[in-house]
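Take a look at the structure below.
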Amino acid sequence: MRLVPRGRGSADPNLRDRLYELLEHDPLAYSIGSRFIQVIISVIVLDVVAMILASVPELDARFDTLFSAVAVLAVIVFALEYLARLWTVAGHTQRNGSALSDRLSYAFSALGIIDLMAFLPAAIVLATGRHATLAGLGVLPFFKLIRYSPAMRSLLAAIHAERRALIGCIVILIGVVLTFASLLYAIERDVQPSKLGTIPDAMWWAIVTLGTVGYGDVVPVTPLGKFISVFAIISGFAMIALPVAIISTAFAEEVRRRDFVVTWGMLARVPLFSHLSAAEIADIMRLLRARTIEQGEILVRRGDAASSMYFITAGEVEITLPSQQVRLADGTFFGEIALLHKTKRSGTVTATRKTRLLVLDAQDFHALIERMPTLAAHVHQTAKARLEETGDLAAAELAQAERDDTDR
Ligand SMILES: Nc1ncnc2c1ncn2[C@@H]1O[C@@H]2COP(=O)(O)O[C@H]2[C@H]1O
């Protein structure tokens, strides 16, 4: 089995500049590469874990120097990252904005504030020597993961998309809390003045009961109070179920949608597109669909009729040809031979692991290679080399010539 070298997995630098002509993205990720981003994620995790452990007095006493070293390292890394972002963001956030306005718009964006808060309070605490406060700040860097975690972004997007329904739930919840709190206050304020003597006290009981938590610090003692509590408990299930159902449905929908959205990041992983202009990339982007296939899934079978070609943005496939097996990794493409020569599939393509693909339908493929000669030449060249390698070139050319004759 032969392993075809990986395509340039990370973004091509020439393509990067053109991408940013049209896209607000993460310039830092493209400028310094995904390795650096992995380092930042590791430091976030290390810092959060160290700060959590530092809040345990016995551990803090034992590993004080280690925890302080992690805090200092995190402050340095996050501060450098912040400065690098301020530097690289110029020219990317606003199409016609000055470098200063781009930097200011990053600094005052939600992500900019999160990036700043990840190190500034910790730096001040370290500088003033109030070490004990450090542990309480451990949660701040965690929010930086929003930028790097697609799942977190999907969850925030789901909450944002359903904000009206969720606000509706909160309004209903407030109404129900007030109703039950007023009822229990009226029934038990004289029996338990210390626990239910005010409406706010009764609201605490209502929230704990409706939230299905039930601390048990305030419990009704009269038969009528208990009777009302039964309804509060049952209403609590509905109160919890409603927002949970709204968020989980929206979250599932968001994750499903992400799977079908073609992003610039995906295109940037395919070197074939690196010589294209921003306008051409935008053109192609409209034609591509994203698809994920699981390990072991067969996408294309030898001898089948062809309807699309594929670009691998992440993962790997194995092509089983009559004489050999070939593996293609991210950045490469397949399925072009049958489309170009109007033949059946020359091999069977199976995913060796979970693989993300961009799919280009046959009709769009033909329109595209007519419009983009450089892209066409590259695809032709690759197909020719592959056919030569498997010894199928002559047969493919003969079949095509026959078909061209019939078409004429
Ligand atoms: N020798 C090869 N090396 C790499 N890929 C190949 C080779 N032969 C065929 N393929 C790919 O496997 C695909 C199977 O479907 P197609 O014939 O449409 O297009 C084929 C090529 O994209």
Side-chain angles (χ1 to χ4, degrees), residues 1-9 262 266-267 269-276 284 287-370 372-404 406-407:
M1 187 188 303
R2 192 170 54 81
L3 188 69
V4 173
R6 295 167 78 87
R8 282 166 288 168
V262 175
M266 290 176 183
L267 260 82
R269 287 189 201 112
V270 182
L272 178 67
F273 301 138
S274 64
H275 61 279
L276 301 177
I284 291 194
L287 304 176
L288 293 167
R289 272 178 295 121
R291 179 169 171 190
T292 303
I293 51 170
E294 298 301 324
Q295 181 179 12
E297 198 174 324
I298 297 177
L299 185 68
V300 156
R301 280 178 202 279
R302 182 176 157 81
D304 277 358
S307 58
S308 340
M309 80 169 283
Y310 306 87
F311 303 89
I312 308 174
T313 62
E316 186 191 63
V317 298
E318 186 174 274
I319 315 228
T320 310
L321 300 158
S323 52
Q324 61 175 330
Q325 283 184 323
V326 183
R327 285 194 175 191
L328 298 179
D330 49 338
T332 50
F333 58 86
F334 61 89
E336 79 293 353
I337 293 178
L339 296 189
L340 277 176
H341 297 282
K342 300 200 173 83
T343 48
K344 302 279 185 208
R345 294 291 191 194
S346 60
T348 298
V349 182
T350 316
T352 58
R353 52 187 143 101
K354 188 172 179 167
T355 299
R356 291 182 72 87
L357 303 162
L358 295 173
V359 186
L360 181 65
D361 286 338
Q363 213 180 342
D364 297 327
F365 168 79
H366 290 296
L368 213 58
I369 57 171
E370 292 230 328
M372 298 180 189
T374 22
L375 184 124
H378 190 104
V379 175
H380 269 290
Q381 229 172 33
T382 307
K384 190 169 176 216
R386 286 175 175 174
L387 285 168
E388 267 171 3
E389 198 184 302
T390 39
D392 285 342
L393 182 61
E397 283 178 347
L398 186 66
Q400 176 144 25
E402 280 170 5
R403 249 185 316 281
D404 290 347
T406 332
D407 289 347

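The model shown is predicted, which means the values in this text are computed figures rather than measured ones. Ligands are counted one by one from 1 in listed order, and the atoms in each one are counted from 1 as well.
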| query | Hey, which atoms in ligand 1 end up nearer than 4.0 Å to a heavy atom of Phe334? | reply | 22 (O)
| said: Between ligand 1 and Val349, is the shortest N or O to N or O distance under 3.5 Å? | reply: no
| What do you reckon, does Lys344 have a nitrogen or oxygen under 3.5 Å from a nitrogen or oxygen of ligand 1? | no
| query | Can a cation-pi geometry be assigned to Arg386 and Phe333, taking NZ or CZ under 6.0 Å from the six-membered ring centre and within 45° of the ring axis? | reply | yes
| query | Which of parallel (below 30°), tilted (30 to 60°) and perpendicular (above 60°) describes Tyr310 and Phe334? | reply | parallel
| field | Donor-acceptor contact present, side-chain Thr352 to main-chain Glu316, <3.5 Å | value | yes
| request: Report the part of Ile337 (side chain from C-beta onward, or backbone N, CA, C, O) that has a heavy atom under 4.0 Å from ligand 1; answer both or neither where that applies. | output: both
| query | Which is closest to atom 7 (C) of ligand 1 by heavy-atom distance: Val326, Leu321, Val317? | reply | Leu321
| said: I want to confirm something. Looking only at heavy atoms, which of Ser346, Ala362, Gly347 is nearest to atom 17 (O) of ligand 1? | reply: Ser346
| remark: Contact region, Glu389 to ligand 1, non-hydrogen atoms below 4.0 Å, reads side chain
| task | Please indicate whether any nitrogen or oxygen in Gly335 is less than 3.5 Å from any nitrogen or oxygen in ligand 1. | result | yes
| Of Val349, Leu321, Thr320, Thr348, which is the lone residue that meets side-chain contact (heavy atoms from CB on, under 4.5 Å) with Arg302? | Thr348
| field | Contact check, side chains of Val317 and Thr355, non-hydrogen atoms, under 4.5 Å | value | yes
| field | Side chain proximity check, Glu294 to Lys354, heavy atoms < 4.5 angstrom | value | yes
